[in-house]
Amino acid sequence: MAFKFATRMKNIKASTIREVLKLTERPEVISFGGGMPAEEFFPIDEMKEVTLKVLEEDGQKALQYGPTDGYRPLREKVVERLGRIGIKGITADNVLFTSGSQQGLDFSAKVFIDPGDVVICERPSYLGAINAFKAYECKFVDIPMDDEGMLMDQLEDALKTHPNVKFIYVIPDFQNPTGKSWSTERRKQLVELANKYNTVIVEDNPYYELRYSGEPKPAVKSFDTEDRVVFLGTFSKTFAPGLRIGWVCAGSEILNKYNLIKQGADLQVNSLTQRQINKYMELYDLDSRIKDLIEVYRRRREVMVQQMKKCFPEEVKINIADGGLFLWVEFPEHINTTELMPKVLEKNVAYIPGAPFYPNGGGENTARFSFSAMPEEKIIEGITRMGEALKELL
Ligand SMILES: Cc1ncc(COP(=O)(O)O)c(C=O)c1O
């Protein structure tokens, strides 16, 4: 049948990550694909306990509709945590819960983008955001990065040449996919440029609490003097992604728009889940859980780096992130990682080719490897097999 779909559907393709994840459901596959937290550390017993407590103490409210912006005690806890990265002068009224930060990305596009508008992003950038924004028929201007963040002269050029830039999308800590982090100086400059050219910044920051080396940096939003930075956060990487609780933190003028969109999309996030996380944070120490995760991930990162150094040809460049879940690997120019993928899958190993992270093309020789979800012996085995595939190819 030739159904009359909306024009915007032309822009929407299956996510490479989701496609690879489908292939990796076979238990024999060692997958470095999705940015999956280590599920053996999910707090299952604690969740049983807190669920029972929530239902006993507050069961009726936990199963009832609730306010669109979310359960206030949990919003207050988010405010306290944001204060640690320099986001001050906010209250629970500046926080709205969303179904993961992914919904915050979709809403950002819905709130700001008309067809033909421009989104400025890092080159490369998070595939899930690119796909979410594309649905609203925007164009991307992608700005290259060095080890301190976006190149500011190129960003300013883009802001000068494109009057219809609606927002600048950045992932300042342990970026997905490159693992790069912005320097404090660049974060300040970014806000100054946004002020000068009157645009909004969408700061997507799911990984900042997972730091394995280097010094913590203040959030881009901490330099925001004009309420033009929208901060997206999530419990996915520090707690459990299946719960689907993320948040938008912004000034009231912008946040009210997100609230209206949330009402139209799904009214609110799950009442029970918000209380489960809140109760967990009352009874247990989320920071100590994060500390334990950091130890596990730091070791897994190290094992992956060492094994790559051992098994990959010398010309391969491994970018070692100070935190987050990924290593970003640049192969010699003539290697196309999308074409390499079936060969590697034959060896029951999976990674994510880098090209889909480039909204305007490029990056064919790059790939993203997640080290979080596999135990150390599987990382060693998988990278060894990947090295064999590379040797056969070269
Ligand atoms: C940069 C970035 N933003 C947003 C998300 C979405 O996270 P969630 O919707 O689980 O909060 C992810 C998930 O991997 C991500 O890497």
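For ligands, and for the atoms within them, numbers begin at 1 and follow the listed sequence. Values reported hereafter were calculated over all heavy atoms of this structure, with side chains retained and with hydrogens, waters and symmetry mates removed.
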From the list F369, F371, F312, ring pair (Phe, Tyr, Trp, His ring centres under 6.0 Å) with Y351 holds only for F369
In ligand 1, the atoms that come under 4.0 Å of a heavy atom of T234 are 8 (P), 11 (O)
The protein heavy atom nearest to atom 9 (O) of ligand 1 is R244 NH2, 2.8 Å
Taking only non-hydrogen atoms of P206 and a 4.0 Å limit, the atoms of ligand 1 in range are 1 (C), 2 (C), 3 (N), 15 (C)
- [ ] Flag this pair as yes if the NZ/CZ of R289 is under 6.0 angstrom from the six-membered ring centre of Y284 and inside a 45 degree cone about the axis; otherwise no.
- [x] no
Worksheet entry | ligand 1 N/O within reach of S101 N/O, cut-off under 3.5 Å | yes
for atom 5 (C) of ligand 1, nearest protein heavy atom and its distance come out as Y126 OH, 3.5 Å
The atoms of ligand 1 lying under 4.0 Å from a heavy atom of S236, numbered in the order shown, are 8 (P), 10 (O), 11 (O)
### Task
Please work out whether the ring planes of Y208 and F231 are parallel, tilted or perpendicular, with thresholds of 30° and 60°.
perpendicular
Note: Q103, heavy atoms under 4.0 Å from ligand 1, region reported as neither
For the residue pair F326 and Y207, is the inter-centroid distance of their aromatic rings smaller than 6.0 Å? yes
*asked:* Less than 4.0 angstrom from a charged side-chain N to a carboxylate O is my criterion; do R84 and D287 meet it?
replied: yes
Quiz prompt | F133 ring center within less than 6.0 Å of F167 ring center | solution = yes
Any donor-acceptor pair under 3.5 Å linking the side chain of Q102 with the backbone of G128? yes
Ring centres of F97 and Y71 under 6.0 Å apart? no
N176 heavy atoms within 4.0 Å reach ligand 1 at atoms 1 (C), 15 (C), 16 (O)
among protein heavy atoms, the one nearest atom 3 (N) of ligand 1 is D204 OD2, 2.6 Å
Worksheet item: Is there a nitrogen or oxygen of Y207 sitting under 3.5 Å from a nitrogen or oxygen of ligand 1?
Response: yes
In ligand 1, the atoms that come under 4.0 Å of a heavy atom of K237 are 13 (C), 14 (O)
